[in-house]
Amino acid sequence: MKAIELEKAYDPKAFEDSIYKQWVEDGNFKPSTGKGKPFVIVMPPPNVTGILHMGHALNNSLQDTLIRYYRMTGRPTLWIPGTDHAGIATQNVMERRLQKEGLRRQDLGREKFLERTWALKEEHHDVIVGQLKKIGCSCDWDHERFTMDEGLSKAVRETFVTLYERGLVYKGLYLVNYCPHCGTALADDEVEHQEDVGHLYDINYPFADGSGHITVATTRPETMFGDVAVAVNPDDERYKSLVGKMLKLPLTDREIPIIADSFVGIEFGTGMVKITPAHDPNDWECGKRHNLEAINILNPDGTLNDVCPEEFRGLPAEVARDKVAQKLNELGYLVRVQEHKHEVGHCYRCNTTVEPYLSQQWFVRMRSLADKALDAWKRGEIHFYPKRWENTYSSWLENIRDWCISRQLWWGHRIPVWYCDDCGHMMVEREDPTCCSKCGSKHIHQDTDVLDTWFSSWLWPFSTLGWPEETPDFKRFFPTSTLVTAYDIIFFWVSRMIMASLEFTGKVPFNDIYITGLVRDKKGRKMSKSLGNGIDPLDVIDLYGADAMKFTICYLAAQGQDVLVDMDSFKLGSRFANKIWNATRYLLMNLEGRNLVAIDQSKFTEVDKWIYHSLNENVRKVRNAIEGYKFNDAAQAIYDFFWNDFCDWYVEASKLSLYSGDDAEKDRIVSILMDILAESMRLMHPMLSFITEEIYSKLPNTEGKVITASFPEYRNDRIHAEEAHLMQCMQDVVRGIRNSRAELGIPADKKLRIVIRPDENDCLASFMAGHVDLLKNFTNAGSVEIDAEKAISVEGAFPVAGQGFETYVFVRDAIDVDKEIAKLEEEISKAKALLEGSEKKLSNEKFVSFAKPEAIEKERAKKREFEEKIEKTQKHIEVLRSF
RNA sequence: GGCGAUGUAGCUCAGCGGGAGAGCCCCAGUCUUACACACUGGUUGUCGUAGGUUCAAAUCCUACCGUCGUCACCA
């Protein structure tokens, strides 16, 4: 046959896009119709707020690796892509855009605003999809979903109404976390606590009867207009007698009582706490215990409302804080101000300080849902990788609180609740009502709030498959197999998916959860816009190619560990892809004039057996690693096999045959090389998808595409442990000779005379004897003599110590004898130390009686080895001394 | 403060009960019929500290120190 030509330089740009297009056109990402158990992943849907970052690249690279691997094992495989409407985040992005046009969303009105936001969604969606395709994600685009598309909206509505019917959704007036900037309530876990430096103000509150005053401590003096009491600890001897007395609230004409409540700490501050039920969670609870009124002092935008004295109305809370303090100071109420560090809640979307805010909101009662999720985990139906996240999962579920799901936003699923304007009747409906179901009035209106984004995301594993309909997809592909996501959304998303799934389908949504680390920069910092340390996946692909990116990520993704990268990190994958390319190019060149023949195991040399043995071992390693989510182990195994074993040793060894005059042998070796190359492509495809497909299509011994080829199997007929050992001995000889050449400063092109004396081991001796030419090639020797009988004089030869053989290099004139002796002596002292340790162990009765027999036998072998090494080296020194 | 992770070669990290490893970096040599994004060889370590368990500990346990993450907070 003719040689097959490959472009001289590896250039991923030349084929990645067209290969992706071909995969899609050929339907390679669709689940096969096979009978095996489907392997299914739902992609964590990226937010349509922007474009993908390295975190997404990590996440999707790992998913793609899993999907491609399982596809090749023959299981019907489905990877469902999609995007998330990301309520608050997207609305914020839209509002920022409007701001640039000098507009507020109120200027547009709800309908117009939503229209614009849908357009924004489309814009970002297209970019995101383009990125996923560049990365090479083999997801089934015909299954793509969006959290606000028709089917998913139906699922959201169904779940809301069902939960309401089951008494698990309720509405009520509660103190919730409220972001004044976003203008909406937040769930408890959407609040991030950060340490802020504030002030602790001590303020005098006079007794109503004019008999003096007490002093309260507060960090937020502006909330005093909502004070309804001052509390002390009932056991506080200082204040016991004051309980029940009335105080005059400064700056107002209200009077409030002193009450006793055990939540007050005696030690902290002044031991007296002002109680403001509408603006502090503890006070809210305290207020309920004492039947106190809750006075709301804030407008929804976080400014002080009409309850407050006129001069403070309309001021943002933080501004009012200083002003109130100043006023109190002028009037002599302010005693002192101290700096005070404390944790303050911030909005996870805009980082604004969150206000506890009294309002009507919708909640999901979580206890029973959480218990089901805990039980499923205890029954062993879900496994986290790494396992430690199970603690996070369980402790959150054990301490779960009700979930505030209403958001005062426009972008999202509108709450399916209607109110009658005439009789006030409330309707929770699956279909839009046209009139009041109680009084028949047509004057009805829908709740203006929308649902928390996570209220649609938590249905993702089954809503994407058609639920609530019993679709064929749902029946075939649910529950899914594995979820791959980052640890920062275990609460928001993972736990809730499990709860929703159990509640609505009775099954867990997936069995395995692989929690990835985060992508950070080389200094370990999170990648962020503000630090400017982010890397754009598309830039990586542009510079190095998608394969280099995916492989590097896999190589660095030790189970669950954070991945620290900079642009240069991806050279690792790039170099490897380049190596694969060049090795292939070389092998294909050598097809010129050759005929491929059937692989005949009976004609295998020891070296052939060794390479198949190594391939086999690595196949097993890769399979185990991927199935156990140890991506780095799998990446390392293919790297080591292909580069070290195949390229550095086997291909080098094959040159002997390749450049011989024996046509039959040349055909034979080329056939084996092609066989291993093709199998390597299949082995590497999950992590190096494009280059393997490109090469696979050029190989003369392949049919079809690698993406749909079968993954290599571990085969018993490829186990050749004996030959693997022989090869290792040969590598030791070769390394020893090369080493001495380098150490002694002998030029690489100087042909040496070498004598090898295998130690009373016929197998090794005949192996070495059979591969003299190979040894010559590997060491650039002029002659290699195998001297099992120890008949050849080695006078004047430099000895190289080795395991199971002795090697002599004839270099008498080129050696610095003293230097070599010193080096060998150091080797002896090292070996002696090891021997001593070994002897100590073996003479220890306890070791001999307690240790496993294998361990003892191994130790004995080691001891013998050390002894031999010392003896040999000793001899070598003597030889050197005789020079 | 609770819980958790982590501390191994200059850097990034594997290893997690029986002789300290990889990649990058560094040094020396080589354009040896594919690859200088290559080849060959080499240097580098109180495996955080202190105890304990064990015949044996980088590996298991305890405490402490450092770093990071989470959850919860007393105005």
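Residue numbers begin at 1 in each chain, while the letters A, B, ... track the order of the sequences. Values below: every heavy atom of this structure, side chains too, minus hydrogens, waters and symmetry copies.
B/G23 is paired with B/C11 under the criterion used here, namely a Watson-Crick or G-U wobble arrangement in which both key atom distances are under 3.5 Å. Pairing partner, B/C60: B/G52, with both Watson-Crick or wobble hydrogen-bond distances short of 3.5 Å. Nucleotide B/U44 is matched to nothing when pairs are restricted to Watson-Crick or G-U wobble geometry with both distances under 3.5 angstrom. Judged by Watson-Crick or G-U wobble contacts below 3.5 Å, the nucleotide B/C16 has no partner. When both distances must be under 3.5 Å, the Watson-Crick or G-U wobble mate of B/C31 does not exist. In this entry B/G69 has B/C3 as its Watson-Crick or G-U wobble partner, both defining distances falling under 3.5 Å. Figure legend. B/A36 is base-paired to no nucleotide; pairs are counted as Watson-Crick or G-U wobble with both atom distances under 3.5 Å.
Residues A/R735 and A/D732 have side chains in contact (heavy-atom distance under 4.5 Å, counting atoms from C-beta outward). Between A/I203 and A/V335 the shortest side-chain heavy-atom distance does not fall below 4.5 Å. Contact annotation: the side chain of A/D488 never approaches that of A/W493 to less than 4.5 Å [non-hydrogen atoms, C-beta and beyond]. A heavy-atom distance below 4.5 Å is not found between the side chains of A/M366 and A/R401. Contact annotation: the side chain of A/K666 never approaches that of A/N590 to less than 4.5 Å [non-hydrogen atoms, C-beta and beyond].
Looking at heavy-atom distances under 4.0 Å, A/F491 makes contact with sugar-phosphate atoms alone, never a base. At a threshold of 4.0 angstrom between heavy atoms, the contacts of A/V848 with the nucleic acid are absent. Here A/E845 lies out of heavy-atom contact (under 4.0 Å) with every strand. Among the protein residues, A/K858 comes within range of no part of the nucleic acid, since none of its heavy atoms lies under 4.0 Å from any strand.
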| message | One character per nucleotide, please: for nucleotides 31-38 of chain B, 5' to 3', B when the base has a protein heavy atom closer than 4.0 Å, S when only the sugar-phosphate does, - otherwise. | response | --BBB-BS

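Taking the C1' atom of each, B/A34 and B/G66 are spaced 49 Å apart, rounded to whole Å. B/A58 and B/G7: their C1' atoms are spaced 12 Å apart (whole Å). Taking the P atom of each, B/G41 and B/A22 are spaced 12 Å apart, rounded to whole Å. Taking atom C1' on both B/U67 and B/C24, the two are 23 Å apart, rounded to the nearest angstrom. Nucleotides B/U54 and B/G15, compared at atom P, are 28 Å apart to the nearest Å. Separating the C1' atom of B/G4 from that of B/G23 is a span of 29 Å, rounded to the nearest Å. Rounded to the nearest Å, the gap between the P atom of B/U62 and that of B/U53 is 15 Å. Taking atom P in both B/G21 and B/C26, the straight-line distance is 23 Å, to the nearest Å.
Two residues, A/G271 and A/D189, neighbour RNA chain B, and the one matched to the more 5' nucleotide by heavy-atom proximity is A/D189. Taking for each of A/H340 and A/L834 the nucleotide of RNA chain B with the nearest heavy atom, the 5'-most of the two is the partner of A/L834.
The distance from atom NZ of A/K621 to atom P of B/A14 is 18 Å, rounded to the nearest whole Å. What separates NZ of A/K846 from P of B/G17 is a distance of 23 Å, to the nearest Å. Computed from coordinates, the A/D640 CG to B/G15 P distance equals 14 Å when rounded to whole Å. The separation between A/E285 atom CD and B/A75 atom P is 16 Å, rounded to whole Å. A straight line from CG of A/D488 to P of B/C71 spans 10 Å, rounded to a whole angstrom. Atom CG in A/D227 sits roughly 15 Å away from atom P in B/A75 (whole-Å rounding). Computed from coordinates, the A/L518 CG to B/C13 C1' distance equals 17 Å when rounded to whole Å. Nucleotide B/U70 holds its C1' atom 13 Å from the CG atom of A/N399, rounded to whole Å.
Relative orientation of the A/F551 and A/Y555 rings is tilted, given thresholds of 30° and 60° on the angle between their planes. Ring geometry, A/F384 versus A/Y393: the interplanar angle falls from 30° to 60°, so the pair is classed tilted.
Once rounded to the nearest 0.5 Å, the distance linking CD of A/E865 with CD of A/E867 reads 11.0 Å. Between A/L591 atom CG and A/L673 atom CG the span is 9.0 Å, to the nearest 0.5 Å. The CZ atom of A/F225 lies 11.5 Å from the NE2 atom of A/H279; values are rounded to the nearest 0.5 Å.
In this structure, A/K579 is not positioned above the aromatic face of A/Y639 in the sense of NZ or CZ being under 6.0 Å from the six-membered ring centre and within 45° of the axis.
Closest approach to the A/N632 side chain among B/A14, B/C55, B/C13 is made by B/A14 (side chain taken as heavy atoms from C-beta onward). For A/Y639, taking side-chain heavy atoms from C-beta onward, the closest of the listed nucleotides B/C55, B/C73, B/G23 is B/G23. Set against B/C13, B/C55, B/G69, the side chain of A/A558 has B/C13 as its closest nucleotide. Which of B/A75, B/A22, B/U12 sits closest to the side chain of A/Q636 comes down to B/A22. With B/G23, B/C55, B/C73 as the choices, the nucleotide that has an atom nearest any side-chain atom of A/R401 turns out to be B/C73.
Judged purely by distance below 3.5 Å, without hydrogens or angles, the side chains of A/Y348 and A/E192 never pair a donor atom with an acceptor atom.
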Return the polar atom pairs (N/O with N/O) between nucleotides 41-46 of chain B and the protein under 3.5 Å, or none.
unit_1 : atom_1 : unit_2 : atom_2 : d
B/G42  : OP1    : A/N739 : ND2    : 3.1

